[in-house]
Amino acid sequence: MERTLIIIKPDAVGKGATGKIIDRFIEEGFKIIGLKMFKFTKDQARKFYIVHKDRPFYEELVEFMTSGPVVACVLEGERAISRVREIIGPTDSEEARKTAPNSIRALYGTDKGKNAIHASDSEESANYEIPFIFSSIEFVE
Ligand code: IDP
Ligand code: MG
């Protein structure tokens, strides 16, 4: 069993897609073991995305991720990290609509920045991201 973090981003929360996205992961067989809504501060968003600090889109990403509330879930399942990445689709929502039309980014994303959802991309990132957002008493098991 593996754990991974997803964050439903401000664009998707704002358009009312939170329930549909969570339901998709339930239908795909994942167990939700942590769930919360919150709003990132700029400092928190910068730290969460610290691996991207030298990328040209870093400040745009921080602005976007702090523009409204987000909903984070810890999902548990076999090969959860890679399976969830598959379900969310490629980073660019337009590309997702061409190559993975049933992916979450194809269905709810707008472009490469406003792409509806974050998911941990490796065991290393899950191990950084899950305790960044959740403390141990917030898990249901
Ligand atoms: P990922 O979310 O598919 O793992 P990353 O390359 O890790 O994609 O980028 C993190 C996030 O930064 C993306 O989900 C997206 O919101 C944003 N981002 C990535 N590339 C661009 C870009 O070229 N312009 C604007 N925002 C971007
Ligand atoms: Mg990434």
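Sequence positions, counted from 1, serve as the residue numbers for this chain. Read the numbers this way: they start at 1 and go in the same order the structure lists the ligands and their atoms.
Residues Met37 and Val71 share a closest heavy-atom pair of CE-CG2, 3.6 Å. Annotation for Ala116 and Ala12: closest pair O-CB, 3.5 Å, computed over non-hydrogen atoms.
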Please tabulate, one pair per line, all N/O donor-acceptor pairs under 3.5 Å involving side-chain atoms of residues 125-139, not counting sequence neighbours.
| unit_1 | atom_1 | unit_2 | atom_2 | d |
| --- | --- | --- | --- | --- |
| Ser125 | OG | Asp121 | N | 3.0 |
| Ser125 | OG | Asp121 | OD1 | 2.8 |
| Ser125 | OG | Ser122 | N | 3.1 |
| Ser125 | OG | Ser122 | O | 3.1 |
| Ser125 | OG | Ser122 | OG | 3.3 |
| Asn127 | ND2 | Glu123 | O | 3.3 |
| Tyr128 | OH | Lys47 | O | 2.6 |
| Glu129 | OE1 | His118 | NE2 | 2.9 |
| Glu129 | OE1 | Ser120 | OG | 2.7 |
| Glu129 | OE2 | His118 | NE2 | 3.2 |
| Ser135 | OG | Glu138 | OE1 | 3.2 |
| Glu138 | OE1 | Lys36 | NZ | 3.3 |
| Glu138 | OE1 | Ser135 | N | 2.7 |
| Glu138 | OE2 | Lys36 | NZ | 3.0 |

Hey, can you pull the donor-acceptor pairs under 3.5 Å for the side chains in residues 83-91, sequence neighbours left out?
| unit_1 | atom_1 | unit_2 | atom_2 | d |
| --- | --- | --- | --- | --- |
| Arg83 | NH1 | Glu78 | O | 2.7 |
| Arg83 | NH2 | Glu28 | O | 3.2 |
| Arg85 | NH1 | Ala119 | O | 3.0 |

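A search for salt bridge (charged side-chain N to carboxylate O under 4.0 Å, His left out) contacts involving Glu59 returns Arg46, not counting sequence neighbours.
Taking the six-membered ring where the residue is Trp, the centroids of Tyr58 and Tyr49 are separated by 6.0 Å or more.
Sorted by chain and number, the residues within 4.0 Å of ligand 1 by heavy atom are Lys9, His52, Phe57, Glu60, Leu61, Arg85, Thr91, Arg105, Lys112, Gly113, Asn115.
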